[in-house]
Undergrad: 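Have a look at this one.
The figures here come from the full heavy-atom set of this structure, side chains too, leaving out hydrogens, waters and symmetry mates. Along the sequence shown, residues carry numbers from 1.
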Amino acid sequence: MSLTLVSFNICPYVLRVVAALNHLKIPYEIKYIDLENKPEWFVKASPLEKVPILFVGETVLFESLVILDYINTLAPQSLLPADNLQKALNRARAEFSGEIISTFWGVFSAKTEEQFKNNFAELKWYFEKLEGWLSQSKFIFGNELTLADFAYAPIFTLLDAIKPLLKLNVFEGFPRLQEYSQQILSLPGVQSSKVENYDQLLQERLKKGDPYILTQ
């Protein structure tokens, strides 16, 4: 069954799927679209008109974590625990990453000092939770790499891309989280998940918004 992933070049939710596909060595094609000028076939195929969507033959899957669950079933060796309760807990930690990605946009798009401080405080609250989990294990769910880890890959990919523009260290006070980010970024599948000019595209988008964080 052929797989075709539909993507926008800097979408974080696409990155987590591409990283997992690359890591699991599952063959696929990728098709990029412009979300500001959505083609008609995409509007018809995507219920939420968002990326990623995955064509499995003629069938369309949407929502990145659902797509991750599916592609994991295609791999010779699963990245999920065998026990059903542990699988559910793994998925719960993967879901947690979505809250952080949403908070990131608030931090990096805030126009005023007050907005920035409020959003950054929320981000640090999430980071404290991650630091607690990581103080007990090597990865986000135990000492082995699991599917949940790929849900977090775009967070660190994004931060690494815009790091040259930032004067503050968002990982300050979170040594295990910073170490974990480097572990995830070092995975070949994660390294190959970005489009060639990803860092430049993301930096340009950030600067275009003239956010408060770039004044710090």
Side-chain angles (χ1 to χ4, degrees), residues 11-26 52 63-108 116-163 166 168-194 213:
C11 175
Y13 301 100
V14 171
L15 284 176
R16 49 168 51 156
V17 175
V18 174
L21 283 166
N22 292 347
H23 178 81
L24 294 169
K25 296 181 171 56
I26 296 173
E63 294 292 347
S64 60
L65 293 183
V66 174
I67 295 172
L68 281 183
D69 285 341
Y70 172 71
I71 62 177
N72 182 66
T73 67
L74 305 178
Q77 187 171 354
S78 175
L79 285 173
L80 286 172
D83 179 78
N84 286 333
L85 178 58
Q86 294 301 306
K87 281 182 185 176
L89 290 170
N90 190 277
R91 176 60 181 268
R93 293 204 176 178
E95 290 280 358
F96 191 80
S97 68
E99 299 296 322
I100 300 172
I101 293 172
S102 297
T103 303
F104 266 8
W105 299 127
V107 171
F108 296 120
F116 169 77
K117 285 184 175 179
N118 289 339
N119 291 329
F120 194 57
E122 184 178 358
L123 181 64
K124 291 180 73 173
W125 183 87
Y126 287 116
F127 278 9
E128 286 171 2
K129 302 291 184 183
L130 296 181
E131 187 75 9
W133 290 340
L134 292 164
S135 68
Q136 303 173 44
S137 60
K138 181 178 179 180
F139 293 101
I140 207 69
F141 191 81
N143 292 319
E144 300 292 333
L145 187 72
T146 67
L147 204 61
D149 294 297
F150 289 94
Y152 288 84
I155 296 171
F156 307 125
T157 303
L158 184 156
L159 280 174
D160 191 58
I162 64 174
K163 186 167 58 176
L166 305 181
L168 79 167
N169 176 14
V170 296
F171 291 123
E172 185 176 356
F174 305 104
R176 273 295 294 123
L177 182 57
Q178 185 165 14
E179 182 182 6
Y180 173 66
S181 75
Q182 293 305 312
Q183 287 177 291
I184 298 303
L185 288 173
S186 69
L187 295 172
V190 173
Q191 292 175 358
S192 60
S193 66
K194 303 187 298 182
I213 195 171

Undergrad: Among residues at least two apart in sequence or on other chains, which ones pass salt bridge (charged side-chain N to carboxylate O under 4.0 Å, His left out) with E179?
TA: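 Here the qualifying residues are R176.
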
Undergrad: Quick one: salt bridge (charged side-chain N to carboxylate O under 4.0 Å, His left out) pairs with a partner in residues 63-81, sequence neighbours left out?
TA: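 Only D69-R91 qualify under salt bridge (charged side-chain N to carboxylate O under 4.0 Å, His left out).
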
Undergrad: For the OH atom of Y13 and the CG atom of L15, what is their distance to the nearest 0.5 Å?
TA: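 Result: 11.5 Å between the selected atoms.
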
Undergrad: Holding to ring pair (Phe, Tyr, Trp, His ring centres under 6.0 Å), I want the full list of residues that pass it with F139, two or more places apart in sequence or in another chain.
TA: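 Scan of F139 (ring pair (Phe, Tyr, Trp, His ring centres under 6.0 Å), adjacent residues dropped) gives none.
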
Undergrad: Which atom pair, heavy atoms only, marks the closest approach of N22 to G189?
TA: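 Minimum heavy-atom contact is ND2-O, 3.6 Å.
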
Undergrad: Taking atom CG of L177 and atom CG of L134, what is their separation to the nearest 0.5 Å?
TA: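 If we round to the nearest 0.5 Å, L177:CG and L134:CG are 6.0 Å apart.
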
Undergrad: Tell me, please, which residues at least two apart from F104 pass ring pair (Phe, Tyr, Trp, His ring centres under 6.0 Å).
TA: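 Result, ring pair (Phe, Tyr, Trp, His ring centres under 6.0 Å) vs F104: F108.
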
Undergrad: Who pairs with S97 by side chain to side chain donor-acceptor pair (under 3.5 Å), at least two apart in sequence or on another chain?
TA: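 For S97 the side chain to side chain donor-acceptor pair (under 3.5 Å) partners, ignoring immediate neighbours, are R16.
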
Undergrad: Please give me the minimum heavy-atom distance between S193 and V18, naming the atom from each residue.
TA: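 Minimum heavy-atom contact is CA-CG1, 3.6 Å.
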
Undergrad: Please name all residues satisfying side-chain contact (heavy atoms from CB on, under 4.5 Å) with D83, sequence neighbours left out, ordered by chain then number.
TA: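 Residues passing side-chain contact (heavy atoms from CB on, under 4.5 Å) with D83: L85, Q86.
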
Undergrad: Who pairs with Y152 by ring pair (Phe, Tyr, Trp, His ring centres under 6.0 Å), at least two apart in sequence or on another chain?
TA: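 Applying ring pair (Phe, Tyr, Trp, His ring centres under 6.0 Å) to Y152 gives none.
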
Undergrad: Quick one: list whatever passes side chain to side chain donor-acceptor pair (under 3.5 Å) with K117, sequence neighbours left out.
TA: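 Only E113 meet the side chain to side chain donor-acceptor pair (under 3.5 Å) criterion with K117.
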
Undergrad: Just to verify, what does N72 make a side-chain contact (heavy atoms from CB on, under 4.5 Å) with, not counting sequence neighbours?
TA: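 Partners of N72 by the side-chain contact (heavy atoms from CB on, under 4.5 Å) criterion, ordered by chain and then number, come out as S78, L79, L80, L147.
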
Undergrad: For the atom pair OG1 (T146) and CG (L89), what is the distance rounded to the nearest 0.5 Å?
TA: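 Rounded to the nearest 0.5 Å, the OG1-CG separation comes to 11.0 Å.
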
Undergrad: Is I184 close to I155 at the side-chain level, that is, under 4.5 Å between some pair of heavy atoms?
TA: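 No, side chains not in contact.
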
Undergrad: Would you sort out whether V170 and V107 count as a side-chain contact (heavy atoms from CB on, under 4.5 Å), showing the intermediate values?
TA: CA-CA 11 Å; V170 296; V107 171; over 6 Å; no

Undergrad: According to side-chain contact (heavy atoms from CB on, under 4.5 Å), who are the partners of A20, at least two apart in sequence or on a separate chain?
TA: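 Partners of A20 under the side-chain contact (heavy atoms from CB on, under 4.5 Å) test: L68, I71, F150.
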
Undergrad: Could you tell me how the ring of F156 sits relative to the ring of F171: parallel (under 30°), tilted (30 to 60°) or perpendicular (over 60°)?
TA: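 Tilted.
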
Undergrad: Measuring only between side-chain heavy atoms, which start at C-beta, is T103 closer than 4.5 Å to W125?
TA: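 The answer is no, as the side chains (C-beta and beyond) never meet within the 4.5 Å cut-off.
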
Undergrad: Above 12 or not: heavy atoms from other molecules or residues under 6.0 Å from CD of E144?
TA: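 No, because the 6.0 Å sphere around CD of E144 holds 12 heavy atoms or fewer from other groups.
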
Undergrad: If you take all heavy atoms of S186 and Q183, which pair is closest and at what distance?
TA: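 Closest heavy-atom pair between S186 and Q183: OG-O, 2.7 Å.
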
Undergrad: Do you know which two heavy atoms are closest between A75 and I26, and how far apart they sit?
TA: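 Looking at all heavy atoms of both residues, the shortest contact is N-CD1, 4.4 Å.
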
Undergrad: Quick one: closest heavy-atom pair of A148 and I140, and the distance?
TA: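 Scanning both residues completely, I find the closest heavy atoms to be CB-CG2, 3.7 Å.
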
Undergrad: Nearest 0.5 Å, what's the NZ-CD1 distance between K129 and I100?
TA: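 K129 NZ to I100 CD1: 11.5 Å, rounded to 0.5 Å.
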
Undergrad: Is the shortest heavy-atom distance from the side chain of P81 to the side chain of N90 under 4.5 Å?
TA: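 Side-chain contact under 4.5 Å: yes.
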
Undergrad: So which atom in N119 and which in G106 form the shortest heavy-atom distance, rounded to 0.1 Å?
TA: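 That would be ND2-O, 2.9 Å.
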
Undergrad: If you round to the nearest 0.5 Å, how far is CD of E172 from CZ of F127?
TA: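 Going from CZ on F127 over to CD on E172, the span is 12.5 Å.
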
Undergrad: Any ring-ring contact (aromatic ring centres under 6.0 Å, His included) pairs touching residues 76-102, not counting sequence neighbours?
TA: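 Residue pairs with at least one partner in residues 76-102: F96-Y126, F96-W133.
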
Undergrad: Using side-chain heavy atoms (C-beta onward) and a distance below 4.5 Å, is L145 in contact with H23?
TA: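 Yes, side chains in contact.
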
Undergrad: Which pairs pass ring-ring contact (aromatic ring centres under 6.0 Å, His included) with one or both residues in residues 66-88, sequence neighbours excluded?
TA: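 Listed once each, the pairs would be none.
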
Undergrad: Does a side-chain heavy-atom distance below 4.5 Å link D149 with Y180?
TA: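 They are in side-chain contact.
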
Undergrad: How long is the straight-line distance from CG of L123 back to CD of E128, given to the nearest 0.5 Å?
TA: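 E128 atom CD to L123 atom CG measures 10.5 Å (nearest 0.5 Å).
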
